[in-house]
Each structure stands twice: as structure tokens, then as C-alpha cells.
Amino acid sequence: MALLLVIVTVSQQAYAAGKVMYKANVRGETAFASWLREDNGVFTSVFVYADSVSNVVYVGIFQYTLEEVCDKYSCWEEQVPIMDFFGSKQLSKDELKIAKNLRSAALNTTVAGYEFISGDEKIITIAVQWDGYGDVQKSRLHYMFRTDTYMVKINTQERFRSADASGSIAGDINMDLGSSDYARLSNVRVGIIEMVKL
């Protein structure tokens, strides 16, 4: 497993013709996983997203029960929130590792966040392991916007592979995540060209 490096190249140059050009190239890997569980009528939804482009991790945990609500015409179920946690942090180099061939990834970090139901700040330690499988797929996205005085081009290339993820959360919130319902690993390259006529 290789430690992911971010490559960012930025240049800005003013031209004699009265144009300013900005170029940026960003490259890095991402890891995503989500879980949905039900235990004695309590539903738990968890997601984890980490990337080396901005060296950041986002964690969301939402727990709820379902309550039947009726009017004079019909009945339906509504979610009754029990927990709604969101946390994020900047990662150090040793906290996220993603193999360049997208075969595996590992996240081990401590995240501070806010639990919106209780209004309390909480600190969790999260450990997730990804195991990629199947063929690597590719996608491309090209975007351009132009006016008489402005132009921007964005080219995105992505290589991605499906994955199984498992892990645990400990600290102020404790849970064994088990096997993920959805997970993937990807390598992203983004190129941006922006030009402004002065």
C-alpha cells in the first residue's frame, strides 16, 4: 500500500495582449464507504469520505426510529432522529493510505465533530479498511464556459474500483460498522484553465 501524494501545479501569467491566465492541475485518490443497519427498530446510517486531494476526512452518523403518523385520510412513517453527528478534519500523511492500484486503503484517525440532537461536541476514533475488487473503470468529464471577457475549462479524469469496507468507531460514539453497503476507491485528476481579458 502506497502513501498517497498530492500533486498540485499552479501558474498565473499576464500576457501583453491583456489576458490573465490561470492553470491548475490537481491529482489524488479518494475513498468512500457507507453503511445502513437496523437493530431492534433503530436505523443507523454512516458514511466516511477521505481524499488526498485536500487531505481531509468527513464522517457522518445518523440514527433514527420510524414512527407511524396518521391523518384522517392515510397513515405513513416518519423518521424520529436519535443521533445526528458530523465531523471532519485535516489528515496527516500517516492517517490515510491508498494503494495506487486502488486495491486497498486504510484510514485511522481521531475526528472531533458536533452531535446536533444533543448539542454536544463529540470525539471519535475511526478505523476503516477498504479492499478493492473487480476491474478498474474510467470516466471523463469536460466542461467549458465562455463569454466575451472570460473563459474556463475543466477536465476531470477518474479511475475507480468497487470495494468492500469494514471498520469501527470508538470514543464518545461506539459501533462496529461491519461490512459496507457501498464503497469505492478512485484516482482523480482535475485540470483547470481560466482566462480573463483585462
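In the hydrophobic clustering of ILVMFWY residues, with side-chain heavy atoms under 4.5 Å counting as a link, Phe86 and Val48 come out apart. In this structure, Ile193 is not a member of the same hydrophobic cluster as Met144, with clusters built from ILVMFWY side-chain heavy atoms closer than 4.5 Å. Put simply, Met83 and Val42 are part of two different groups of oily side chains (I, L, V, M, F, W, Y) that touch within less than 4.5 Å, one to the next. At a threshold of 4.5 Å between side-chain heavy atoms, the hydrophobic network of Ile, Leu, Val, Met, Phe, Trp and Tyr places Val57 and Ile173 in one connected group. By the rule that hydrophobic residues join a cluster once side-chain heavy atoms approach within less than 4.5 Å of another member, Val56 and Ile126 end up as members of separate clusters.
Not a single donor-acceptor pair under 3.5 Å links the side chain of Asp172 to the backbone N or O of Ile124. Between the side chain of Glu77 and the backbone N or O of Thr65, no donor-acceptor pair lies under 3.5 Å. Checked by atom type and distance alone, the side chain of Arg161 never pairs as donor or acceptor with a backbone atom of Gly132 at under 3.5 Å.
In this structure, CZ on Phe47 lies 15.0 Å from CG on Asp181, to the nearest 0.5 angstrom. To the nearest 0.5 Å, the span separating OG on Ser54 from CD on Gln90 amounts to 6.5 Å. Here Arg184 contributes atom CZ and Tyr133 contributes atom OH; the two are 11.5 Å apart, rounded to the nearest 0.5 Å. Once rounded to the nearest 0.5 Å, the distance linking CZ of Arg27 with CZ of Arg189 reads 4.0 Å. Considering OG of Ser162 and CD of Gln137, their distance stands at 6.5 Å, rounded to 0.5 Å. One finds the OG atom of Ser180 at 12.0 Å from the CG atom of Leu36 (value rounded to the nearest 0.5 Å).
Taking each heavy atom of Val53 and Gly28 in turn, the nearest pair found is CG2-CA, 3.8 Å. The minimum heavy-atom distance between Ser186 and Phe160, with the atom names listed, is CB-CB, 3.7 Å. Glu95 and Thr109 get closest at one heavy-atom pair: OE2-OG1, 2.7 Å. Taking both residues in full, the closest heavy atoms of Ala105 and Leu185 are given as CB-CD2, 3.7 Å, listed atom of the first, atom of the second, then distance. Nearest heavy atoms, Ile123 versus Ala112: CG1-CB, 4.2 Å. Among all heavy-atom pairs drawn from Pro81 and Ile117, the shortest one is CB-CD1, 3.7 Å.
With side-chain heavy atoms closer than 4.5 Å counting as contact, directly or through intermediates, Leu141 stands alone and belongs to no larger hydrophobic cluster.
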CA sep, side-chain torsions, deciding dist, call: Phe32, Trp130, side chain to side chain contact (heavy atoms under 4.5 Å, CB included): CA-CA 9 Å; Phe32 176 83; Trp130 285 261; 5.6 Å; no
Gln157/Val188 under side chain to side chain contact (heavy atoms under 4.5 Å, CB included): CA gap, chis, key distance, verdict: CA-CA 6 Å; Gln157 300 180 49; Val188 181; over 6 Å; no
Working for side chain to side chain contact (heavy atoms under 4.5 Å, CB included), residues Leu91 and Leu107: CA-CA 10 Å; Leu91 294 167; Leu107 171 72; 4.1 Å; yes
Trace of the side chain to side chain contact (heavy atoms under 4.5 Å, CB included) decision for Glu78 with Glu67: CA-CA 5 Å; Glu78 289 188 354; Glu67 181 179 274; 5.5 Å; no
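For the pair Lys23/Met21, a side-chain contact is recorded, criterion being any heavy-atom separation below 4.5 Å from C-beta on. Residues Asp71 and Trp76 have side chains in contact (heavy-atom distance under 4.5 Å, counting atoms from C-beta outward). Looking at heavy atoms from C-beta onward, Val111 lies out of side-chain contact with Tyr58 at the 4.5 angstrom threshold.
Applying the disulfide (SG to SG under 2.5 Å) test to pairs two or more places apart or on separate chains, none has a residue in residues 104-190.
A donor-acceptor contact under 3.5 angstrom links the side chains of Gln63 and Thr44, judged on distance only. Checked by atom type, the side-chain pair Thr125/Thr110 shows a donor-acceptor distance below 3.5 Å. Residues Tyr49 and Asp51 bring a donor and an acceptor atom of their side chains to less than 3.5 Å of each other.
Relative orientation of the Phe43 and Tyr64 rings is parallel, given thresholds of 30° and 60° on the angle between their planes. Taking the six-membered ring where tryptophan is involved, the planes of Tyr150 and Phe145 are tilted, since the angle between them lies from 30° to 60°.
Other residues, nucleotides and ligands contribute more than 12 heavy atoms inside 6.0 Å of the CZ atom of Arg37. For Asp135, the CG atom is loosely surrounded, since the number of other residues' heavy atoms within 6.0 Å does not exceed 12. Counting heavy atoms of neighbouring residues, nucleotides and ligands inside a 6.0 Å radius, atom NZ of Lys122 exceeds 12 of them.
Screening Asp120, Ile61, Ile169 for a side chain to side chain contact (heavy atoms under 4.5 Å, CB included) with Phe85, the sole residue that qualifies is Ile61.
Between Tyr114 and Phe116, the ring center distance clears the sub-6.0 Å criterion.
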